[in-house]
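Notes follow the structure.
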Amino acid sequence: MSGPGLKGYHAVVTGGGRGIGAAAAIALAEAGAQVSVAARNETQVVEIAAAMRENGHEAFAFRCDVTDPHQVRDLALSATEAMGRIDILVNNAGTATSNPLPKITLPEWQHILSVNATGTFLCSQAVFNQMKERRWGRIVNVASIAGVEGDKYISAYTAAKHAVVGFTRAMAVEARGTGVTFNAVCPGYVDTPLTDETISRIMRQTGRSWQESLSALLEQAGQPRLIRAHEVAASILDLCTEEAGSRSGELVLLDGTETP
Ligand code: NAD
């Protein structure tokens, strides 16, 4: 959608400093929404929000670690104070590691669960009541293909994204009839800094070149190419429109099937 389809709507995007979150924030703004961009890294969100304002959009930046209930509550209050009630929430903040089971430490396991799953729960809980009262809301959770299938060395991430998918499905049922929808997008590997980190890790572990490591990653995932962040953003936007009101509990799978 382009143009003023979401004019008058206020969207909050977590993890909006780079990658998929930044692309989603820009797509929502281009569709007319006012956007609160939040992330743990303040410098990045400040830059994204400033760039959006330079392009004529309404955007605010907020520092928020989604694992901290106090910071999440502050984000909901400050964003509402700055741009009015929150209509749309994109739970995008996430992080990943890869390790075989014997090497996963408890803090690593807890961190992955906390950012991906607990963060989604906390942010959804912080906005759900105001959406329900207004009888309109869109919550889109950025899960992953790892939310619906398994692969080696990513058991913590896979467990966390399965939790996000389960939460989405349960909340879609719980929110039936309230005007609030819960959906998830589930991409394969996307061309973002997070995937760059994965490729760098493969390079370090195997001594392969960047291109060889990327090819190995894609081959293991059965993906012809990396998905582009703006493709994921387009699916997120699609689930946030007025017209998406009867779509809830959906998992939108994106696997980069089309070759470049
Ligand atoms: P990225 O690492 O490029 O960006 C992640 C963003 O989340 C950053 O802005 C970072 O500051 C923020 N963030 C991290 N931890 C946070 C926290 N505790 N609180 C607040 N913000 C935090 O990642 P990306 O590739 O753009 O991924 C975005 C989402 O998409 C994640 O949920 C990720 O799991 C999911 N995803 C990514 C891929 C991929 O291949 N890149 C594939 C499927 C799903």
Side-chain angles (χ1 to χ4, degrees), residues 12-27 36-49 61-76 79 89-98 107-108 110-123 126 140-149 151 154 156-165 167-168 184-202 214 217-218 220-221 223 225-233 235-236 251-256:
V12 172
V13 181
T14 68
R18 64 184 204 182
I20 295 167
I26 291 165
S36 292
V37 202
R40 206 184 29 180
N41 182 324
E42 192 169 17
T43 317
Q44 287 178 345
V45 274
V46 166
E47 279 170 13
I48 290 286
F62 297 95
R63 204 194 90 76
C64 174
D65 182 332
V66 297
T67 66
D68 180 338
H70 302 291
Q71 291 189 34
V72 170
R73 204 172 39 237
D74 284 351
L75 167 66
L89 169 67
V90 180
N91 281 312
N92 167 78
T95 192
T97 54
S98 72
E108 177 185 344
Q110 285 169 333
H111 180 64
I112 297 294
L113 268 286
S114 182
V115 179
N116 292 286
T118 309
T120 297
F121 150 70
L122 288 173
C123 294
V140 180
N141 299 325
V142 182
S144 166
I145 287 285
V148 289
E149 49 188 56
D151 208 347
I154 52 167
Y157 184 69
T158 303
K161 291 303 192 186
H162 271 66
V164 172
V165 165
F167 176 73
T168 307
V185 293
C186 301
Y189 286 103
V190 186
D191 190 3
T192 71
L194 187 67
T195 299
D196 290 348
E197 285 161 19
T198 305
I199 296 169
S200 299
R201 209 159 40 231
I202 297 171
L214 170 62
L217 187 72
L218 291 174
Q220 190 187 317
Q223 246 180 265
R225 65 166 171 86
L226 287 178
I227 302 158
R228 297 170 194 104
H230 72 82
E231 295 176 277
V232 185
S235 292
I236 293 170
L251 308 181
V252 177
L253 303 184
L254 297 155
D255 64 2

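Both ligands and their constituent atoms are indexed starting at 1 by order of listing. The residues of the chain are indexed from 1 along the displayed sequence. As a basis for the values below, the full set of heavy atoms in this structure was taken, side chains included, without hydrogen atoms, waters or symmetry mates.
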What's the shortest distance from [atom] to any protein heavy atom, and which residue and atom give it?
atom                    : answer
atom 42 (C) of ligand 1 : Gly188 O, 3.0 Å
atom 19 (N) of ligand 1 : Val66 N, 3.0 Å
atom 12 (C) of ligand 1 : Gly15 CA, 3.5 Å
atom 44 (C) of ligand 1 : Ala143 O, 3.1 Å
atom 36 (N) of ligand 1 : Tyr157 OH, 3.5 Å
atom 31 (C) of ligand 1 : Asn92 O, 3.2 Å
atom 23 (O) of ligand 1 : Leu194 CB, 3.4 Å
atom 22 (C) of ligand 1 : Ala93 CB, 3.7 Å

Sub-3.5 Å donor-acceptor pair from the side chain of [X] to the main-chain atoms of [Y], do we have one?
X      : Y      : value
Asn92  : Thr14  : yes
Lys161 : Ala117 : no
Gln71  : Asp65  : yes
Glu231 : Arg228 : yes

Measure the [atom1]-[atom2] distance between [X] and [Y] for me, rounded to the nearest 0.5 Å.
X      : Y      : atom1 : atom2 : answer
Thr158 : Asp151 : OG1   : CG    : 7.0 Å
Arg73  : Leu122 : CZ    : CG    : 10.0 Å
Asn41  : Glu47  : CG    : CD    : 8.5 Å

Please name the pair of heavy atoms, one in [X] and one in [Y], separated by the smallest distance, quoted to 0.1 Å.
X      : Y      : value
Ala93  : Val66  : CB-CG2, 3.9 Å
Asn91  : Gly119 : OD1-O, 4.2 Å
Leu254 : Ser235 : CD2-OG, 3.7 Å
His162 : Ala146 : ND1-O, 2.9 Å
Ala143 : Val164 : CB-CG1, 4.0 Å
Val37  : Gly17  : CG1-N, 4.5 Å

Test side-chain contact (heavy atoms from CB on, under 4.5 Å) applied to Arg40 and Cys64, step by step: CA-CA 5 Å; Arg40 206 184 29 180; Cys64 174; over 6 Å; no
Which atoms of ligand 1 sit under 4.0 Å from any heavy atom of [X]?
X      : value
Arg18  : 1 (P), 2 (O), 3 (O), 4 (O), 8 (C), 9 (O)
Gly17  : 9 (O)
Thr195 : 39 (C), 40 (O), 41 (N)
Pro193 : 3 (O)
Val142 : 29 (C), 30 (O), 32 (O), 35 (C)

Given [options], identify the one with the heavy atom nearest to [atom].
atom                    : options                      : result
atom 14 (C) of ligand 1 : Glu42, Gln71, Arg40          : Arg40
atom 18 (N) of ligand 1 : Asp65, Asp196, Val13, Ile112 : Asp65
atom 5 (C) of ligand 1  : Ala23, Gly19, Gly94          : Gly94

Stepwise side chain to side chain donor-acceptor pair (under 3.5 Å) test for Asn141 and Thr168: CA-CA 7 Å; Asn141 299 325; Thr168 307; 2.9 Å; yes
Side chain or backbone of [X] under 4.0 Å from ligand 1, or both, or neither, by non-hydrogen atoms?
X      : value
Val190 : both
Thr192 : side chain
Ala22  : neither
Glu197 : neither

Check this for me - ligand 1, [X], N or O atoms closer than 3.5 angstrom, yes or no?
X      : result
Pro187 : no
Ile20  : yes
Tyr189 : no
Ser144 : no
Thr95  : no

Consider ligand 1: state whether an atom of it lies below 4.0 angstrom from any non-hydrogen atom of [X].
X      : answer
Thr14  : no
Cys186 : no
Ala146 : no
Cys64  : yes

Side chain to side chain contact (heavy atoms under 4.5 Å, CB included) partner of Val142, chosen from Val90, Thr120, Val13: Val90
Name of the residue among Ile227, Ile199, Asp255, Thr195 meeting side chain to side chain contact (heavy atoms under 4.5 Å, CB included) with Tyr189: Thr195
